[in-house]
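Just below is one structure, and these are the notes that go with it.
In what follows, residues are counted from 1 in the order of the sequence shown.
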Amino acid sequence: MKKTSLLFLLIILLHCRNAHPFDNPEMLTVDHKTEIVFGQSGSFTGHFAFYGEAIKSAILACFNAVNDAGGIGGKKLRLVSLDDHGDAELTKKNIGLLYQKHGITQFLGVMGTRGVLSVLPLIKEEKIALFFPWGGDEKLRDPSLNHIINGLGILEPQVEALAIHVVKDLKLKKIAIFHA
């Protein structure tokens, strides 16, 4: 077998290790006795597909490492990811479906400020927990929301640090920063 064919096969096998055996959430089965399941609604198609796939792949890589070491308390970590195409209403629908039909109450890596805000009522009612959403609205940093865990999502300090580095360290005179 040629080296390129072998490399291609290896890439496919590694991808399949992380792939989910279903595309239809209606066909999903969840075993809460043997699995710790996290839901995710993300943009896996469209303009933000690169970011959605990167976030999902990073989560799956961590989950695989934990699962390869025996899981947590004998339970395997599982991520159920649904594509919302960057549409806030579809984010709300995806999370609602995973919560109501499949009993998934913890969500990780949800993308988009509008989508995250669309499920804020479920978070406020403490029906779901949201870990590290990809959204930057101040409403998501309300200290009274104990069912949401955020990382740094405020853009101003990040953009300022980037601009200082580009101008002072790299000595570039003409720069442009584009952000949605």
Side-chain angles (χ1 to χ4, degrees), residues 11-32 35-67 71-72 75-142 145 147-155 158-159 178-180:
I11 290 169
I12 295 296
L13 289 173
L14 286 173
H15 176 72
C16 289
R17 178 176 188 231
N18 290 333
H20 300 290
F22 60 91
D23 290 323
N24 182 352
E26 298 295 330
M27 302 292 289
L28 174 66
T29 59
V30 176
D31 183 359
H32 292 285
E35 302 175 310
I36 300 171
V37 184
F38 290 83
Q40 178 188 29
S41 185
S43 187
F44 306 117
T45 55
H47 298 325
F48 290 107
F50 174 80
Y51 298 107
E53 288 296 333
I55 291 167
K56 180 171 78 170
S57 293
I59 294 168
L60 289 172
C62 291
F63 280 18
N64 287 337
V66 170
N67 289 341
I72 297 176
K75 292 184 177 185
K76 298 290 183 177
L77 297 178
R78 180 173 174 196
L79 181 68
V80 177
S81 301
L82 299 179
D83 191 359
D84 60 27
H85 315 288
D87 180 336
E89 284 303 311
L90 195 47
T91 302
K92 185 177 180 179
K93 179 182 174 190
N94 286 347
I95 290 177
L97 173 75
L98 293 174
Y99 165 66
Q100 292 170 354
K101 184 166 182 164
H102 302 292
I104 298 173
T105 60
Q106 33 199 19
F107 293 84
L108 182 62
V110 176
M111 294 179 62
T113 300
R114 289 181 298 243
V116 174
L117 290 174
S118 77
V119 295
L120 199 52
L122 288 173
I123 297 166
K124 285 182 176 180
E125 294 168 17
E126 300 181 355
K127 296 191 186 267
I128 66 168
L130 194 60
F131 300 96
F132 306 106
W134 199 44
D137 194 282
E138 283 300 315
K139 293 176 190 160
L140 303 175
R141 284 156 185 60
D142 178 350
L145 295 174
H147 275 63
I148 188 168
I149 307 296
N150 275 304
L152 180 63
I154 302 170
L155 292 176
Q158 297 173 45
V159 172
F178 297 92
H179 188 273

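Rounding to the nearest 0.5 angstrom, the gap separating the NE2 atom in His85 from the CZ atom in Phe44 is 10.5 Å. One finds the CG atom of Leu28 at 4.5 Å from the NE2 atom of His102 (value rounded to the nearest 0.5 Å). Distance check: Phe131 CZ to Ile148 CD1 gives 10.0 Å after rounding to the nearest 0.5 Å. Considering CD1 of Ile95 and CG of Leu122, their distance stands at 8.0 Å, rounded to 0.5 Å. Atom CD1 of residue Ile104 and atom CG of residue Leu82 lie 8.0 Å apart, to the nearest 0.5 angstrom. Note: Asn67 CG to Cys62 SG = 11.0 Å, rounded to the nearest 0.5 Å.
Shown here are the side-chain contact (heavy atoms from CB on, under 4.5 Å) partners of Lys93, two or more places apart in sequence or in another chain: Leu90. For His147, the side-chain contact (heavy atoms from CB on, under 4.5 Å) criterion is met by Ile123, Glu126, Ala129, not counting sequence neighbours.
Heavy-atom neighbours of His47 NE2 from other residues, nucleotides or ligands within 6.0 Å: at or below the threshold of 12.
Within the cation-pi definition used here (under 6.0 Å to the ring centroid, within 45° of the axis), Lys127 does not qualify as a partner of Tyr99.
Nearest heavy atom pair, residue Ser118 against residue Ala88, reads OG-O, 3.4 Å.
At a threshold of 4.5 Å between non-hydrogen side-chain atoms, the residues Leu145 and Lys124 count as touching.
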Less than 3.5 Å apart, which donor and acceptor atoms pair up between the side chains of residues 35-43 and the rest of the protein, not counting sequence neighbours?
unit_1 : atom_1 : unit_2 : atom_2 : d
Glu35  : OE1    : Asp31  : N      : 3.0
Glu35  : OE1    : Arg78  : NH1    : 3.2
Glu35  : OE2    : Arg78  : NH1    : 3.2
Gln40  : OE1    : Ser81  : OG     : 2.6
Gln40  : NE2    : Gly109 : O      : 3.2
Ser41  : OG     : Asp84  : OD2    : 2.8
Ser41  : OG     : Asn94  : ND2    : 3.1
Ser43  : OG     : Thr45  : O      : 3.1

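A tilted orientation is assigned to the rings of Trp134 and Tyr51, their planes being inclined by 30° to 60°.
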For Leu117 and Leu140, what are the C-alpha separation, side-chain angles and deciding distance, and is it a side chain to side chain contact (heavy atoms under 4.5 Å, CB included)?
-> CA-CA 8 Å; Leu117 290 174; Leu140 303 175; 3.8 Å; yes
